[in-house]
Undergrad: 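After the structure tokens below, expect a handful of questions from me.
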Amino acid sequence: MVSELDKATVRMKDPEQVKNIISALRKGGAGKLQVISDFDMTLTRFGFNGRRCPTSHNIIDNSRVISEEGRKKLKDLLHYYYPIEIDPYRTMEDKLPLMVEWWTKAHNLLSQQKILKSDIAQMVKESDVMLRDGFNIFFDQLHQSRVPLFIFSAGVGDVLEEIIRQAGVFHPNVNVVSNYMDFNDSGILKGFREPLIHTYNKNNTVLKNTEYFQQLCTRTNILLLGDSMGDLSMADGVTSLENILRVGFLNDRVEEQRGKYLEAYDIVLEKDETLDVVNGILRFILPQTELVQPKSP
Ligand code: TMP
Ligand code: MG
């Protein structure tokens with residue numbers, strides 16, 4: 001059915017159930033489907049050539065516009081809070097206030113750095129960020145089939161939009177809900193807009209007042225993509241949900257987190273830097289449009 005599911009990176013608790021969900025998604029067709037995806041470390045690579053790739057926040061932290069002192073403080077926050085974010089032995093309830101603390105401190109530090117709106121494109125150009133291999137097939141396939149792609153991110157919206165714009169895949173079917181920067185009249189960063197989105201409040205509490213909420217509810221078949229346990233609630237706002245397939249990228253502390261991920265995600269992709277499996281599933285679900293061949297003279 002989907003040959004990519006035989007890849008060595010794929011793990012499933014219940015392969016039969018996965019098969020049934022994929023069949024149901026195919027039956028429902030493009031008209032009923034929406035893709036709800038996290039951004040950082042889900043649509044972007046976790047690592048490349050043995051080095052970590054940046055999140056949308058890290059792109060700003062590592063850029064030339066941040067002072068030496070600011071960069072050090074942001075690094076210290078990352079080294080303190082990231083291990084908490086992914087700690088498999090702490091509950092989400094326990095982590096939640098600490099994540100609010102991290103995001104609040106980081107956003108306050110960034111807001112003191114006199115970042116210009118016009119700096120963002122250059123920051124992204126000079127960064128080591130990479131979308132996962134196969135990203136163009138993923139974005140183009142959804143666009144061609146008119147399937148909405150909803151990116152729900154606790155990263156920085158202005159930065160992530162610039163990444164997909166520079167990659168040439170910011171098609172009109174893409175909707176983003178994320179943390180957006182607030183600039184003053186001179187184009188200098190003065191803060192971040194509400195509501196604050198962090199790893200563990202990606203649910204309808206932050207979606208209720210967004211324009212996208214209505215559209216979200218009309219597509220009842222869902223392909224959900226994430227890399228964190230907090231990404232699992234991204235589809236909670238869809239009231240009349242029919243079928244959902246959850247695909248989770250397990251990037252870090254694989255051995256320790258495997259059990260939890262297998263319980264929560266239908267398909268777990270271990271240290272897989274590609275979108276191959278997702279693209280294989282979409283190819284099976286969506287009717288394939290003929291490639292337009294150039295006319296011979
Ligand atoms: P997301 O992948 O759920 O959208 O979350 C964004 C990621 O950003 C999350 O894994 C933590 C990370 N992050 C940073 O790298 N630096 C920061 O300053 C903050 C607040 C978050
Ligand atoms: Mg993520």
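Keep in mind it's a predicted model, so treat the numbers as computed, not measured. Every number for a ligand or one of its atoms is a count from 1 in the order of the listing.
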Undergrad: Counting no waters, how many protein N/O/S atoms sit under 2.8 Å from the Mg ion (ligand 2)?
TA: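 Count of protein N, O, S atoms less than 2.8 Å from the Mg ion (ligand 2): 3.
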Undergrad: Keeping the roles fixed (side chain from Arg246, backbone from Asp266), state whether a donor-acceptor pair exists under 3.5 Å.
TA: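 Pair absent, no side-chain N/O of Arg246 close to backbone of Asp266.
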Undergrad: Can you report which non-hydrogen protein atom sits closest to atom 4 (O) of ligand 1, along with the distance?
TA: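 The protein heavy atom lying closest is Ala154 N, 2.7 Å.
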Undergrad: Any heavy atom of Trp103 sitting closer than 4.0 Å to ligand 1?
TA: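 Right, Trp103 reaches ligand 1.
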Undergrad: Decide yes or no for Tyr80 and Asp76: does some side-chain heavy atom of the first lie under 4.5 Å from some side-chain heavy atom of the second?
TA: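 No; the side chains remain at least 4.5 Å from each other.
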Undergrad: Identify the protein heavy atom lying closest to atom 6 (C) of ligand 1, giving its residue, its atom name and the separation to 0.1 Å.
TA: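 Looking only at protein heavy atoms, the one closest to atom 6 (C) of ligand 1 is Asp40 OD2, 3.6 Å.
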Undergrad: Identify whether the distance between the nearest side-chain nitrogen and carboxylate oxygen of Glu162 and Arg165 falls below 4.0 Å.
TA: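 Answer for the salt bridge query: yes.
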Undergrad: With only distance considered, is Asp38 within less than 3.5 Å of ligand 1 through an N or O on each side?
TA: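 Checking ligand 1 against Asp38, an N or O pair does fall under 3.5 Å apart.
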Undergrad: Does a side-chain N-to-carboxylate-O contact under 4.0 Å join Glu68 and Lys72?
TA: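 No, this pair does not count.
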Undergrad: Looking only at non-hydrogen atoms, find the nearest pair between Val278 and Leu225 and report the distance.
TA: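 Closest approach of Val278 to Leu225: CG2-CD2, 3.9 Å.
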Undergrad: Should the pair Arg90 and Tyr200 be classed as cation-pi, given the thresholds of under 6.0 Å to the six-membered ring centre and 45° from the axis?
TA: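 Relative to the ring axis of Tyr200, which defines the angle, Arg90 lies outside at least one limit.
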Undergrad: So, Asn20 versus Ser23: side-chain donor-acceptor pair below 3.5 Å or not?
TA: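 No donor-acceptor contact under 3.5 Å links the two side chains.
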Undergrad: Can you report which non-hydrogen protein atom sits closest to atom 15 (O) of ligand 1, along with the distance?
TA: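 That would be Thr55 OG1, 2.8 Å.
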Undergrad: Is the closest heavy atom of Gly155 to ligand 1 under 4.0 Å?
TA: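 The answer is yes, since Gly155 has a heavy atom less than 4.0 Å from ligand 1.
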Undergrad: Report yes or no: does Lys202 have a heavy atom closer than 4.0 Å to ligand 1?
TA: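 Flag set, Lys202 near ligand 1.
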Undergrad: Which option wins on minimum heavy-atom distance to atom 11 (C) of ligand 1: Lys105, Met41, Glu85?
TA: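 The option holding the nearest heavy atom is Glu85.
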Undergrad: Okay, side chain of Asn179, backbone of Gly155: is any donor-acceptor separation there less than 3.5 Å?
TA: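 Side chain of Asn179 to backbone of Gly155: a pair is present.
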Undergrad: Under a 3.5 Å distance rule, please check whether Asn279 uses its side chain to pair with a backbone N or O of Ile137 as donor and acceptor.
TA: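 No; judged by distance alone, with no hydrogens or angles, the pair does not exist.
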Undergrad: Using a 4.0 Å heavy-atom cut-off, which part of Leu78 comes near ligand 1: side chain, backbone, both, or neither?
TA: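 For Leu78, only side-chain atoms sit under 4.0 Å from ligand 1.
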Undergrad: Students should be able to answer this: which protein heavy-atom is nearest to atom 16 (N) of ligand 1, and at what distance?
TA: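 Protein heavy atom at minimum distance: His57 CB, 3.3 Å.
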Undergrad: Using 4.0 Å as the upper bound for N to carboxylate O, is an ion pair formed by Arg45 and Asp133?
TA: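 Judged by the 4.0 Å cut-off on N to carboxylate O distance, Asp133 and Arg45 do form a salt bridge.
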Undergrad: When you look for heavy atoms under 4.0 Å from ligand 1, do you find them on the side chain of Ser153, its backbone, both, or neither?
TA: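 Both the backbone and the side chain of Ser153 come within reach of ligand 1.
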Undergrad: Let's go through Ser228 and Lys202 carefully: what are the C-alpha distance in whole Å and the side-chain angles of both, what is the deciding distance for side-chain hydrogen bond (donor to acceptor under 3.5 Å, both in side chains) to 0.1 Å, and is it a yes or a no?
TA: CA-CA 11 Å; Ser228 141; Lys202 294 172 114 181; over 6 Å; no
Undergrad: Check for me whether Arg132 meets the cation-pi criterion with Phe138, that is, NZ or CZ under 6.0 Å from the six-membered ring centre and within 45 degrees of the ring axis.
TA: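 That pair does not qualify as a cation-pi contact.
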Undergrad: Report yes if some N/O of Asp61 lies less than 3.5 Å from some N/O of ligand 1; otherwise report no.
TA: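 So ligand 1 has no N or O lying under 3.5 Å from an N or O of Asp61.
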